[in-house]
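Everything below concerns the one structure shown next.
Both counts, for ligands and for their atoms, begin at 1 and track the order of listing.
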Amino acid sequence: MSLSSTELLPTAVRPALRAAVSGLPSYVPGRRGTGVDIAALASNESHHEPLPAAAAAVAEAAARMNRYPDMAAVGLRERIAAQFGVSADEVAVGPGSVGVLQQIITGLCDAGDEVVFAWRSFEAYPILVEVAGARAVRVPLDAAEGHDLDAMAAAVTERTKVILLCTPNNPTGVPISHERIEAFLRSVRSDILVVIDEAYVEYADAGSGPDSLGLYRAFPNVCILRTFSKAYGLAGLRVGYAVATPEIAEGLRRTAIPFGVTALAQAAAIASLDAADEMEARVAVVKEERARMAAILEDRGWTLPRSQGNFLWIRTDDELRPRLMDAFDNAGILVRAYQGDGIRITVADPASNDRVLAVLESFTA
Ligand SMILES: *Cc1c(COP(=O)(O)O)cnc(C)c1O
C-alpha cells in the first residue's frame, strides 16, 4: 500500500493556506448547462451572441495571439476615456470588473482594513476583501431590498478604506438614486474610496440610478466600475474597467496582473463601444421582457422589487426556496439560489422567459 503525499507529511510541516484563505467561502458559480433544452439563467449573461463587430475584432486579433497584448491597454483606455470625457490616465482596465475590483482592494487595503458593502449583494465582494486580508463589513439591505445608506455610513470606522455601492444591486435589482448617493458622499470621509459598481447600468431606466460621472466629477473619492460582461455580451473574454482619479487609476494599474487583459478582449471591447447602439437595441428587448414578466408575476400575487438589471429577484423562505429550485431543475432551467434569501433569475429570450413564468405560475394558488 502506498502512502499519499499528505499522509507522509505531518500537518505542521505541510504547506498551509493563510487563515484568510482557508476560511473563505468558495465562490459559487452560476450553474452551467450544455443540453439543448437547458435555459441558462443563473449568471446574468447576455443570451445574445457577441455583437458582430466584436466577433470580427476577435477573429482579427486572434491571428496575432503569439504576441503579448499591449500591457497598458492604451487603445482601450483611450476609447473608454473618450466615452466618458475623461483622460486615459483616469481609466484602469482589468480581467473583468472583478479583476479591477481585486486591484482596487489590494491597492487600498492593508491587513485589517475594512471594506463596507451591502448584503446581500455581489458574492465576489466578501471573497475579494477577505483574500486581501481586509475585513468585510456587511450591512443588511433595507426592507425594500435596496442599500441602507444610513446604516452603511454608520458602519464606517477609522479602518474603513473602501465602500462598495452596487447599483442596480445584484441580486435584488434595486438601484440607488443619484440624490441618495450624493447625500451619502457628503456624509462620508473623503479619504474613503467609494466604488460605484455599475455592472448592470445599461439595463437601468434613465434616471433610476446615479449620474456616476457627475458624482465622480464632484467627489474625487468616487470610483466608477463597469464591465463588458453583461449588456455587451463579452462575459467569456474577461474585461472590465474603472474610472478614478489619475492617482488611484495609476495605483490600480500597478497592482494588475501583467498582460491580464488579452489582446482579443481589448479589441472586442473597443469594437463593442463603437457598436453601442446595437447593444442598446438588444437591451431594450430585455427590458421589455423584464417588464412583461414582472407584470405577469405581480398579477399572480408574487411581490418582487422593481428590478433595473437583466434579472428578477424573488425573496423566499427556506421552505419555499427548495421547492421552487426543484421545479426549476425539473423544467431544465438553471437559476441562482441564495441560501436564506431568495432566487435570482436572469431575463433572457422570450421562450426561456415563458418557461420561467410557467414554473412560477404553477406555484400560485
Ligand atoms: C457580473 C458582475 C460584475 C462583473 O463581473 P466581470 O468580472 O466583469 O465579469 C461586477 N459586479 C457585479 C455586481 C456583477 O454582478
Side-chain angles (χ1 to χ4, degrees), residues 27-32 40-47 50 54 73 76 80 91-106 115-129 131 136 138 141 145-147 162-176 194-204 209-210 212 223-243 252 256-257 260-262 264-266 268-269 272-273 279 283 286 307-313 335-336 338 341-342 344-348:
Y27 180 83
V28 183
R31 292 175 306 151
R32 309 187 64 82
L41 308 180
S43 297
N44 291 348
E45 299 145 329
S46 169
H47 66 280
L76 175 55
I80 292 166
V91 179
V93 299
S97 55
V98 168
V100 183
L101 188 54
Q102 182 163 50
Q103 293 162 216
I104 291 170
I105 291 167
T106 48
V115 179
V116 175
F117 52 87
W119 200 250
R120 197 166 274 270
S121 190
F122 187 33
E123 281 158 289
Y125 294 161
I127 299 174
L128 294 176
V129 170
V131 83
R138 296 170 177 80
L141 294 172
E145 307 278 14
H147 284 54
V162 178
I163 298 173
L164 307 176
L165 302 179
C166 185
T167 177
N169 185 48
N170 173 8
T172 62
V174 176
I176 316 173
V194 177
V195 177
I196 305 180
D197 182 347
E198 297 190 303
Y200 301 96
V201 68
E202 295 86 356
Y203 294 102
S212 53
C223 170
I224 303 169
L225 192 62
R226 300 252 180 124
T227 181
F228 290 96
S229 294
K230 304 287 160 54
Y232 279 106
L234 298 181
L237 271 183
R238 316 304 306 126
V239 52
Y241 60 95
V243 175
L252 304 190
I257 292 172
V261 181
T262 68
L264 278 62
Q266 293 180 33
S272 295
L273 288 172
M279 176 276 291
V283 162
V286 170
S307 173
Q308 293 292 324
N310 63 334
F311 50 87
L312 296 176
W313 172 246
V335 299
R336 181 77 148 253
Y338 296 84
D341 282 315
R344 189 195 68 196
I345 306 163
T346 305
V347 175

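Side chains of His147 and Thr167 form no contact here, defined as non-hydrogen atoms less than 4.5 Å apart. By the 4.5 Å heavy-atom criterion applied to side chains, Glu198 and Pro175 are not counted as neighbours.
Ring geometry, Tyr232 versus Phe228: the interplanar angle falls from 30° to 60°, so the pair is classed tilted. The aromatic rings of Phe122 and Tyr125 sit perpendicular to each other, their planes meeting at more than 60°, with 30° as the lower class boundary.
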Enumerate the pairs of nitrogen or oxygen atoms, one from ligand 1 and one from the protein, separated by less than 3.5 angstrom; state names and distance to 0.1 Å.
unit_1: ligand 1; atom_1: 7 (O); unit_2: Ser97; atom_2: N; d: 3.2
unit_1: ligand 1; atom_1: 7 (O); unit_2: Val98; atom_2: N; d: 3.0
unit_1: ligand 1; atom_1: 7 (O); unit_2: Arg238; atom_2: NH2; d: 2.6
unit_1: ligand 1; atom_1: 8 (O); unit_2: Ser97; atom_2: N; d: 2.6
unit_1: ligand 1; atom_1: 8 (O); unit_2: Ser97; atom_2: OG; d: 3.1
unit_1: ligand 1; atom_1: 8 (O); unit_2: Thr227; atom_2: OG1; d: 2.5
unit_1: ligand 1; atom_1: 8 (O); unit_2: Ser229; atom_2: OG; d: 3.3
unit_1: ligand 1; atom_1: 9 (O); unit_2: Ser229; atom_2: OG; d: 2.6
unit_1: ligand 1; atom_1: 9 (O); unit_2: Arg238; atom_2: NH1; d: 2.8
unit_1: ligand 1; atom_1: 9 (O); unit_2: Arg238; atom_2: NH2; d: 3.3
unit_1: ligand 1; atom_1: 11 (N); unit_2: Asp197; atom_2: OD1; d: 3.3
unit_1: ligand 1; atom_1: 11 (N); unit_2: Asp197; atom_2: OD2; d: 2.7
unit_1: ligand 1; atom_1: 15 (O); unit_2: Asn170; atom_2: ND2; d: 2.7
unit_1: ligand 1; atom_1: 15 (O); unit_2: Tyr200; atom_2: OH; d: 2.6
unit_1: ligand 1; atom_1: 15 (O); unit_2: Lys230; atom_2: NZ; d: 3.2

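Side-chain atoms of Arg336 and Asn44 include no donor-acceptor pair closer than 3.5 Å.
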Distance-only donor-acceptor hits, side chain of residues 235-242, under 3.5 Å, sequence neighbours excluded:
unit_1: Arg238; atom_1: NH1; unit_2: Ser229; atom_2: OG; d: 3.3
unit_1: Arg238; atom_1: NH1; unit_2: Ala235; atom_2: O; d: 3.2

